[in-house]
Amino acid sequence: MIPVLSGFIAILALAWGLNTAALDGGQASLPWLIREQGLYLSGLLSIGLMSLAMVLATRPVILERPLGGMDRIFRLHKWAGILAAVFAALHWLIEMSDDLIKALYGRSGRPAEMEFGGLLGTLRDAGEELGEFAIYLVLGMIVLSLWKRFPYKFWRHLHRAMPALYLLLAFHAAVLAPLDYWWQPVGMLLALLLASGTVAAVIALSGRIGRDRRVQGVVTAVSSPAPDVTEVVCRLGGEWRGHRAGQFAFVAFTGLDRFEGAHPFTIASADHGDRTLSFQIKALGDHTRQLAGRVAVGQPVTVEGPYGRFVLERRDRKARQVWVAGGIGVTPFLAWLDELRTRRENAMPVELHYSTRGATQDPFVARLRTLCADLPDVTLHVHDSSAGTAIKPDAFATAQADGARTEVWFCGPPRLGDQLKAALARLWRRRVRFHREAFEMR
């Protein structure tokens, strides 16, 4: 994520720099020139990152491969939006700095403002007012996105206003950009970003995101293997394209709270060609806590997907395989094991580590043992924190003494993943690759 954002920002800054290097400062003093160019650069970075966030919000499947999966696309979308808001705030502060510069350096050396009349003048005035109004709302939206206690169902609907706010800011950028930009590389880049972002915003506002990947189905089974886990099995229509073990889908149950919309759940079963999907849903919020009592057999369901590249087929067959799951993060590995049982030719030695807070009450422990019993190449290790056998990331570091090439696949709580990745960091020179499911909706 960091290399992508850094590279994107560098391209924007380079385009701005090429244009700035060709400018004739004239009689402008340095403080006023810095303010003017700072205003342009911060505005370009803000609207550029917003355009990137808008394009990523459309769930572009074509970018899953180069960016590493839809989970990373969503994370990139989130941080592009946050950085866009930061640069928007900086843009506003620079705009408000004219009084300070006048107080310190006076009005002399201030670049002359171009006068526009007629329609262009009216558009520029409107763009300035609308842009300032939209910036305030965008900053408020970012605060609510980062405030995890704000209910998802309300945040989701507020977030749907972002495409409209983007269009206001795109209008602001288009009419207030210096006229000489449009004949320079920076203007061509800005035009491309505004066009892409505008198309993405229209797609979002028209409700077309993911529409061509939605399939109707029906719930065929509902059970509660544990008080905080609901298992839902669905049979989909003939339009379903199939899925790869480890992928996820957005699921919406007809008749439930419309404020909730579709939620992403990992598909916990392999594709057996019968268009049947199994989901293991943990109670992590109001919506998921109520599913067991509100979803019934025969209930219509809409499934959008599949998405994601945390898939079994991406593993390196020449590398030692270590799979680590924590809590509900076991779901992609359930699908992987189901796939291995179906296609024995894909079998290979695997160390599967499952971390739980109470093995005796955890329904996935028995499920894992049953699946692994038919897979002699898979060695299951259950780490029970209540029994004092919690998983220790440092143990994976010492297990690499033979220097063999190793792949570690992790899905689970972020804190455990961070600890595991840190413990493995010193082993990169020993050819250890760390794969991580990084899905997060907000």
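Just so we're clear, the structure is a prediction, and the values are computed from it rather than from any experiment.
The pair Asp418-Arg436 meets the salt-bridge criterion, since a charged nitrogen lies less than 4.0 angstrom from a carboxylate oxygen. Under a 4.0 Å N-O distance rule, the pair Arg214/Glu304 qualifies as a salt bridge. Comment: Arg244 does not engage Asp271 in a salt bridge, judged by the lack of any side-chain N to carboxylate O separation of less than 4.0 angstrom.
The closest side-chain donor-acceptor pair between Ser385 and Arg357, if any, does not fall under 3.5 angstrom. A donor and an acceptor atom, one from each side chain of Thr198 and Tyr166, are nowhere located under 3.5 Å apart.
For the pair Leu277/Val303, a side-chain contact is recorded, criterion being any heavy-atom separation below 4.5 Å from C-beta on. Inter-residue side-chain proximity for Met70 and Gln247 is flagged as unmet; no heavy-atom pair is nearer than 4.5 Å. Between Val324 and Ser355 there is no side-chain heavy-atom pair separated by less than 4.5 Å. A heavy-atom distance below 4.5 Å is found between the side chains of Leu189 and Leu193. Using a 4.5 Å heavy-atom threshold, the side chains of Trp79 and Leu49 count as separate. Residues Val350 and Met348 have side chains in contact (heavy-atom distance under 4.5 Å, counting atoms from C-beta outward).
With values rounded to the nearest 0.5 angstrom, Ile34 atom CD1 is found 12.5 Å from Leu41 atom CG. Residue Arg241 holds its CZ atom at 14.5 Å from CZ of Arg275, rounded to the nearest 0.5 Å. Rounding to the nearest 0.5 Å places OG1 of Thr370 at 8.0 Å from CZ of Arg341. Here the straight-line distance linking atom CG of Leu236 with atom OG1 of Thr220 works out to 9.5 Å at 0.5 Å rounding. One finds the CD1 atom of Ile267 at 13.0 Å from the CG atom of Leu334 (value rounded to the nearest 0.5 Å). Rounding to the nearest 0.5 Å gives a distance of 10.0 Å between CG of Leu165 and CE of Met54.
Within 6.0 Å of the CZ atom in Arg314, the count of heavy atoms belonging to other residues, nucleotides or ligands exceeds 12. Summarising the local packing, CZ of Arg211 is surrounded by more than 12 heavy atoms from other residues, nucleotides or ligands at distances under 6.0 Å. In this structure, Arg208 places its CZ atom where only 12 or fewer heavy-atom neighbours from other residues, nucleotides or ligands lie under 6.0 Å away.
Aromatic pair Phe248/Phe279: centroids not less than 6.0 angstrom apart. Between Trp16 and Tyr40, the gap from one ring centroid to the other reaches at least 6.0 Å.
Screening Phe410, Phe310, Trp409, Trp323 for a ring pair (Phe, Tyr, Trp, His ring centres under 6.0 Å) with His435, the sole residue that qualifies is Trp409.
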* Asked: Can Val378 and Leu371 be said to form a side-chain contact (heavy atoms from CB on, under 4.5 Å), step by step?
  -> CA-CA 9 Å; Val378 179; Leu371 290 170; over 6 Å; no
* **Phe250 vs Arg59, side-chain contact (heavy atoms from CB on, under 4.5 Å): CA-CA, chis, key distance, verdict** => CA-CA 12 Å; Phe250 289 88; Arg59 301 172 193 162; 3.9 Å; yes
* To do: I would like to know whether Arg294 and Phe253 meet side-chain contact (heavy atoms from CB on, under 4.5 Å); could you show each step before the answer?
  => CA-CA 9 Å; Arg294 301 183 65 186; Phe253 298 99; over 6 Å; no
* Asked: Given Val365 and Asp384, is the side-chain contact (heavy atoms from CB on, under 4.5 Å) satisfied, shown in steps?
  -> CA-CA 10 Å; Val365 172; Asp384 186 354; over 6 Å; no
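Taking the six-membered ring for Trp and thresholds of 30 and 60 degrees, Tyr354 and Phe364 have ring planes more than 60 degrees apart, a perpendicular arrangement.
Closest heavy-atom contact between Val297 and Ala221: CG2-CA, 4.0 Å. Across Gly48 and Leu12, no two heavy atoms sit closer than the pair CA-CD1, 4.1 Å.
Remark: side-chain polar atoms of Thr266 are not paired, donor with acceptor, to backbone N or O of Pro332 under 3.5 angstrom.
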